[in-house]
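Each remark here refers to the structure printed beneath this line.
Chain letters run A, B, ... following the sequence lines, proteins first and then strands; every chain starts at 1.
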Amino acid sequence: MPHRLLRFALRKEYREPRFFTAHDRLKDSYDVVIIGGGGHGLACAYYLARDHGITDVAVLEQGYIGGGNTGRNTTIVRSNYLTPEGVRFYDESVRLFQDLAADFDLNIFYSERGHFTLAHSDSALRTARWRAEVNKHYGIASELVDRQAIREACPALDLDCGGQHPVLGALYHAPGAVARHDAVAWGYGRGADRRGVEIHQQTRVTGIRLEGGRVAGVETERGFIATRKVVSMVAGSTPRITAMVGLDTPIVIHPLQACVTEPMKPWLDTIIVSGSLHVYVSQSSRGELVMGAALDQAELHSTRSTFDFTEGLADKMLDLFPFVCGIKVVRQWAGMADMTPDFAPIMGTTPIAGFYLDAGWGTWGFKATPVSGKTMAWTVAHDRDHELIEPFNLARFERFRLVGEKGAASVGH
Amino acid sequence: MKLIDCPHIGPRPASEFVYGGPYRRMPDPDAVDDKTWTEYVFNRAGSPGVKLEWWYHTPSGSWFIAERDTLRDLFLRTLTVSEVHHGHG
Amino acid sequence: MNRQSPAHHLLLKQPLPWGTIHGMPLPLSAPALPATFIVDLSALPRRLVRGARAAAWLAAHGIAVPERYFGCRELDGGAFIARTGAREFLLVDGPEGRTTAALPEEADGVLALPRDDQELALGGAALRDVLLQTCSFDFTKAGPDDIVYANMIGVGCWLRPGGGRIPYLRIGCDPSYGEYLFETLLGIVAEAGGGVIGFKDFWALRQSA
Amino acid sequence: MATDKRLPPQPREWIDRNRPLRFSFEGREYTGFAGDTVTSALLANGQMLLGRSFKYHRPRGVLSAANHDVNAMLQTADATNIRGDVTRIADGQAYSATNTRGGLARDRWRFLQHLAPLLPVGFYYKAFHTPKRLFPFWEKQIRALAGLGTLDTRWPREIAPKRYGFCDVLVIGAGPSGLAAAIAAAEAGAQVVLVDENPRAGGSLDYQFARDTAADAFRREALAKLERLENLEWWPETVAIGYYADHWVPLLRPAGIVKMRARAVIVAGGVFEQPAVFRNNDLPGVMLATAAQRLLHRYAVKPCERAVLLAGNEDGYRAALDLHSAGIAIAALVDLESAEPRGALAARVKAAGITLHGRHTVYEALAKDQRLAGVRICALDAEGRPRPDSAQTIACDGLLMSVGWAPAAALLYQAGARFGYAAPPGQFVPLELPAGVYAAGRVNGVFALAERILDGRAAGLEAAAFLGLAAPPAARPARAAQAHSHPYPIFSHPKGKNFVDFDEDLQLADLENAAREGFDNIELLKRYSTVGMGPSQGKHSNMNAIRILARATGRSIDATGTTTARPFFHPVPLKHLAGRRFRPERRSPLHAWHQEYGVHFMEAGDWLRPQYYGWDGLSAALRREVEAVRQRVGLIDVSTLGKIEVFGRDAAEFLDRLYTLRIGNLKEGMTRYTLMVDESGVVIDDGIAARLGPQRFYVTTTSGNAGAMLREMQRHLAEWGLEVDLIDRTGRLGAMNLAGPRAREVLAALTELDLAPDAFPFLGVRRGHVAGVPALLMRVGFVGELGYEIHVPASQARHVWEQLMKAGSAHGIAPFGVEAQRVLRLEKGHIIVGQDTDGLTTPFEAALDWAVHAKKPFFVGKRSLQILKERTARRLVGFALPAHHVGPLPKECHLVIDGGNIAGRVTSSAFSPTLGCHIGLAMVEQHLAAAGGSFTIRVDGGVLLPVSVVPVPFYDPQNERQQFAASLKEVAA
């Protein structure tokens with residue numbers, strides 16, 4: 001048992017410091033206002049303070065810290081994307097994730113499990129090879145593996161999937177990991193807080209004031225704040241914020257659902273994803289199976305659950321792992337995913353001076369938390385897009401310069 | 001599961017329907033400049049609200065238009081496409 | 001003598017006397033009627049009639065069409081006609097095929113194309129329970145004057161309730177789903193202690209009902 | 001030690017004393033009766049120790065006896081995480097406790113409770129991560145310690161069918177208010193289904209009012225009506241697992257899930273009794289008063305010999321009297337409030353000889369042999385804090401807690417109800433309910449039995465009125481005017497072990513410390529401390545957690561709020577969610593023939609398609625099949641193609657708007673290649689359009705897109721309001737392609753049609769008969785030989801196919817599969833949409849410029865293509881390897897590398913038996929696309945392979961094989 005636990009026993013009093021200072025009032029102005037107290041917003045605040053010395057920052061959160069998609073995702077971290085821009089971006093994120101616990105002095109349970117994207121058709125196999133080739137080109141551990149390799153890594157998996165759509169091979173990504181999602185937000189929050197950033201929970205933004213086409217301040221339920229720089233990092237609420245500054249985007253909100261089982265002793269070490277069956281699953285350090293599936297088909301700004309989601313998920317899950325048929329699902333939930341036409345984020349500067357956008361996170365926002373915080377902080381500090389995110393600027397659409405991540409989806413059919 | 005009241009066949013569970021995206025009028029392609037056109041192609045009215053949408057009932061193979069509150073998750077009413085064309089939308 | 005039902009190879013496993021209906025080999029009759037049954041009716045001639053003047057065209061051929069959308073009307077010789085839209089009708093003929101025999105396939109803007117369906121009927125004691133396991137539609141809300149388009153075990157089907165003493169439901173779908181639909185329903189019927197009956201059995205039973 | 005705790009027959013008991021059952025627990029044999037749960041049977045045998053706690057492995061016994069906790073989590077040979085409280089014993093079954101090392105009694109992990117001081121809330125966030133390299137080791141230890149049951153990966157998949165259900169009114173909960181509601185709604189004429197998770201109706205009537213004559217009168221009458229009313233169905237052992245939109249309520253029954261679609265829903269789910277929080281409140285022997293009453297009345301089990309009752313409400317007094325009259329010695333009644341206001345009840349308790357301690361609490365439970373041996377009680381000061389100086393010890397083997405309740409309101413929350421805290425009764429009550437949803441009884445804050453019945457009846461009538469079956473009822477009875485839940489039955493102790501969440505082993509200090517560390521929002525508190533996240537989902541812990549946080553932050557209960565109540569109400573096995581394994585599969589009408597001929601199928605969406613034929617492997621088959629088509633004649637099943645009739649006044653106009661090429665000027669009897677792009681100019685499909693008449697066309701789509709294309713056509717039709725009709729014939733017609741130099745001879749033998757080149761030219765379409773079957777024939781060929789695509793009714797496809805094979809045998813005909821077709825079309829340079837294109841490919845990039853007819857006034861995507869034409873950055877080109885090439889070959893999706901950078905990818909690649917070399921298509925950057933140029937492909941092993949750009953088609957560039965015909969390009973122009 002590590003010595004660090006001894007302090008709890010030796011001390012009479014419980015003297016753990018607060019993670020987050022409670023601020024009873026908002027100041028009249030801040031250098032930077034970040035809308036959204038999720039992983040991205042807190043990470044941006046953290047890097048603004050740590051790397052750029054910008055500490056006069058307010059993070060405004062309508063609910064509670066990490067209460068949005070940060071606390072609703074299935075915590076998978078990987079960098080085996082299809083496009084060069086995607087791969088470079090997420091590779092940097094993985095590197096940051098690997099050192100986050102040390103940075104924070106907080107255990108985020110970053111656990112490298114190995115990530116299998118199962119291919120059930122020859123077109124899926126082609127896409128897997130495509131991704132593997134692009135990944136390898138950028139030095140990322142990613143390869144196309146056969147059934148035998150999958151069997152060895154995950155003997156419990158029924159490669160024949162109950163007789164239909166058998167697994168033909170997989171894209172294997174050794175660095176694929178899971179992490180304790182809440183802890184990532186808390187770590188960034190605590191780090192930002194200790195560097196002087198103010199985190200205001202239960203503070204809803206009601207408007208953004210523009211003067212002469214540039215940002216002048218933010219209206220909140222708790223009054224007006226003057227600022228020259230506003231960063232929107234609100235994922236599922238993005239369209240509501242962009243509407244405040246009259247900015248049109250391609251973003252459409254779709255619910256993304258997930259569910260979790262009762263805890264059981266460890267039997268699944270890897271992360272298993274099946275595009276064709278629309279299932280992904282990993283086993284948490286608590287022993288629960290954390291499972292997700294495809295987006296709901298229609299736009300919706302709600303985190304309601306549907307029963308047919310769990311029905312479909314269970315059905316496909318038992319194709320892969322028939323023996324869990326008696327295991328019970330305890331809880332289901334949903335997040336609001338901000339989808340873009342090309343399955344890539346929208347980041348960086350916008351036509352409105354002082355308004356920065358970090359959005360379009362769809363189903364891949366958690367794994368980008370550190371890198372988007374870091375690159376957005378750089379972008380806000382320099383008022384210029386960080387080179388890693390240039391391809392993701394909103395302007396790409398009117399230039400018909402879409403990012404090809406969707407290529408994977410389309411070829412993958 | 002939600003019920004969707006198809007104007008052709010009446011209420012059916014949502015699983016029998018395919019969502020067809022927002023009902024939008026295309027600007028005259030020959031009249032608009034490139035910017036306006038690309039905005040039409042890519043941008044969407046993403047804020048929550050009451051929207052007209054395309055919905056398709058798969059078993060009977062028919063399209064119709066639904067007026068839906070995307071914040072409260074409510075189908076307010078459904079119309080045939082011609083009703084919408086003729087301004088009943 | 002060259003038609004084949006999508007369920008042909010499943011039916012071959014049934015030890016029933018066979019015959020040929022409209023060029024399609026099918027089991028004709030079962031020694032005894034099971035309490036719950038499934039029967040292949042794919043052999044029946046069918047037409048999908050579509051076009052701006054479809055209704056008038058049918059009337060001109062002496063076929064009175066239902067006014068109501070998804071309404072259904074019984075015709076002579078065991079045939080029925082269902083209205084599936086403003087300008088579309090499904091005509092399913094009876095065992096003798098009298099109604100479709102004379103109909104042209106194309107005339108003044110109307111197409112009346114022959115249509116192969118996997119058609120079957122489910123009926124008997126466990127009908128309701130089998131339906132509750134396979135279709136989300138509440139069949140207490142429909143009768144012989146209705147044609148219901150709904151998903152059944154994931155396949156888009158037309159469904160028409162019928163029967164008197166012995167209730168049954170006629171079901172049709174795209175033949176490419178036919179083997180799956182028939183095999184799956186047969187499995188559930190068998191669990192309920194039912195089985196396959198012959199083409200003739202069904203029409204006899206229909207008379208008796 | 002198996003002392004018998006079974007009492008003589010009780011008036012309401014659920015056990016069948018004529019059916020004794022044998023079972024074992026932790027290796028020891030026991031007997032119980034049919035109807036016993038594992039918990040009740042073990043207690044009847046004097047076995048108090050039922051499990052070990054999740055974190056500290058502390059001994060645990062009964063808490064709720066109602067599945068509101070998981071102290072009794074069991075394992076058998078073929079199942080795990082079985083809940084002893086609600087699982088009926090099965091004869092001969094062997095049970096053991098989950099999550100122990102070396103058995104329940106002397107679990108080797110029990111030392112962990114002595115490390116508790118080292119393991120405060122969130123400790124795992126604060127340790128194990130340094131040094132980084134050691135975390136994997138610690139994680140392994142932590143994962144092994146966490147988790148409950150152990151599963152066996154050899155367990156078979158079980159199938160549990162699901163059903164749909166329909167009713168007017170669904171009533172959830174068959175206690176007094178639920179019974180009254182169901183009966184009232186049914187008598188008003190509604191079709192009612194009444195469900196309860198218990199095997200018998202009556203709810204608390206059976207354990208809190210078992211000896212109450214007034215209650216019994218109502219119970220008898222209600223149960224009689226359950227029998228009598230034909231429009232009232234009673235479903236026992238049925239759990240409503242969640243509420244979903246439009247009154248969609250899945251019901252978990254022993255036989256499987258019923259997905260109930262109700263027109264109105266009444267929730268009468270009652271309340272969960274809540275534990276008091278004090279030191280050692282988790283010792284076996286410390287239980288909820290209702291747990292004792294359930295054991296006593298349902299199972300005739302004596303919960304203990306000598307009990308102390310800790311009361312925070314009058315329900316506790318009633319429980320004391322109830323147990324007393326059942327012959328259980330009540331050593332003392334300890335009331336958190338002063339006893340005087342309890343009036344008559346207090347008098348009756350005193351009269352029963354029970355010592356009353358007002359304004360006292362249990363300060364600590366005392367253990368002996370891992371179970372309760374006595375309690376230390378002490379007086380409370382003015383602030384309600386314990387005064388240890390006043391402590392006294394009472395010996396007892398049972399401590400029964402009756403300090404408050406929490407509403408079983410999850411389904412109401414899921415339905416969108418708004419709740420607020422009301423004191424009295426001291427719980428959250430619904431303030432606003434959605435249309436068609438009603439609450440009745442204690443979940444609604446109504447407590448007196450008579451009023452619960454009235455409340456239920458009123459709810460039933462309200463539901464009936466909502467459905468137009470009855471007049472709305474008179475007003476509901478008022479909610480309880482006195483507190484039934486103590487505002488703070490929670491007591492700190494310097495030594496802790498005062499548990500709030502039994503699933504997660506969370507103590508009072510854990511929650512207070514979490515709040516102090518800044519997790520002072522109820523949702524943050526839950527996530528940091530994990531309170532309420534265990535298998536019982538907070539049923540016994542959420543309310544106390546809210547009270548603790550409210551006090552810690554000085555906020556009101558309302559301001560503190562609750563966590564979101566997500567499905568499921570009780571956890572649901574995956575097999576029940578999955579149901580039967582329905583997997584729609586599509587079959588070509590030729591499927592059986594392929595099987596008989598020894599085909600290898602490949603999956604294509606819902607279809608199975610012939611990949612190749614024969615037993616000698618793919619490459620041999622490929623050579624054979626390609627050679628047959630090139631040299632003689634081959635036959636392939638293309639029934640999966642989308643097939644759509646397009647007819648009506650504006651048919652030509654419609655297709656001109658739909659496709660990039662011009663279709664309107666197509667001559668009757670001719671066909672043309674079609675290409676479809678979306679609004680952003682991306683290639684989405686291609687196929688053939690045939691003109692059958694002035695206003696009649698027949699079009700095909702790719703197999704994979706058939707459904708989507710039909711929908712798009714129907715949508716555009718509705719949008720454009722053109723006078724056109726569509727008929728989808730995809731599955732209704734079988735299709736086959738007869739291709740090869742001998743195709744004409746083979747076909748001639750079977751058709752009356754004149755096949756002479758001038759009578760039936762390349763790209764012509766004809767209607768006639770093949771083998772006596774009405775057929776549509778198109779002289780097109782994806783594979784680049786003289787070919788006929790023959791479309792016939794599905795029911796006759798096999799006959800036609802067999803006749804063609806027969807007629808072809810003299811010409812050496814061979815059936816060929818998708819793999820051969822891919823090679824053949826590649827030799828011919830035809831693209832496959834979705835393989836040679838991706839989600840962003842334009843026609844210009846796909847080298848289909850010729851297929852874009854910019855002069856047309858309009859077609860879908862035209863405007864975008866006008867913009868994109870200038871921005872074509874990449875191009876699909878052909879490449880070939882020298883015939884003598886040895887070494888690794890390019891595979892599909894290998895990358896094109898230029899100056900160390902990615903400059904494209906291989907989209908198609910195969911050995912061409914016809915050309916005797918390896919050929920392929922690649923999407924490359926413009927500057928690499930120049931004819932005669934070359935580029936480099938990185939193949940397996942990182943080898944850089946130079947290849948030369950070759951014009952396509954690779955094979956028969958002049959298209960002489962298909963005869964007298966211009967290539968597709970020129971025809972399109």
Toward chain B, the part of A/Leu402 with a non-hydrogen atom under 4.5 Å: side chain
A/Phe397 versus chain B, the contacting section by heavy-atom distance below 4.5 Å: both
Looking at every non-hydrogen atom in both residues, tell me the closest pair between [X] and [Y] and how far apart they are.
X	Y	result
A/Asn393	A/Thr349	ND2-O, 3.1 Å
A/Leu320	A/Ser274	CD1-CB, 4.4 Å
A/Met376	A/Leu357	CE-O, 3.4 Å

Okay, side chain of [X], backbone of [Y]: is any donor-acceptor separation there less than 3.5 Å?
X	Y	answer
A/Asn69	A/Phe366	no
B/Asn43	B/Tyr40	no
A/Arg72	A/Leu256	no
A/Asp342	A/Val403	yes

CZ (A/Arg401) with more than 12 external heavy atoms under 6.0 Å: no
Over 12 foreign heavy atoms within 6.0 Å of CZ, A/Arg399: no
Region of B/Lys2 in contact with chain A, defined by heavy-atom distances below 4.5 Å: neither
B/Arg72 versus chain A, the contacting section by heavy-atom distance below 4.5 Å: neither
Interface residue of largest heavy-atom contact number with chain A, from B/Glu53, B/Glu39, B/Met1, B/Arg68, under 4.5 Å: B/Arg68
Leading residue by heavy atom contact count with chain B [cutoff under 4.5 Å; candidates A/Thr238, A/Asp338, A/Asp248]: A/Asp248
Close contacts, residues 292-306 of chain A versus chain B, judged by heavy atoms under 4.5 Å: A/Gln297, A/Ala298, A/Glu299, A/Leu300, A/His301, A/Ser302, A/Arg304
Residue-level contacts of residues 28-38 of chain B with chain A, using a heavy-atom cutoff under 4.5 Å: B/Lys35, B/Thr38
Among B/Phe75, B/Phe64, B/Trp63, ring-ring contact (aromatic ring centres under 6.0 Å, His included) partner for B/Trp55: B/Phe75
Name of the residue among A/Glu221, A/Glu219, A/Glu61 meeting salt bridge (charged side-chain N to carboxylate O under 4.0 Å, His left out) with A/Arg204: A/Glu221
Check: A/Thr310 and A/Met291 side chains under 4.5 Å, non-hydrogen atoms: no
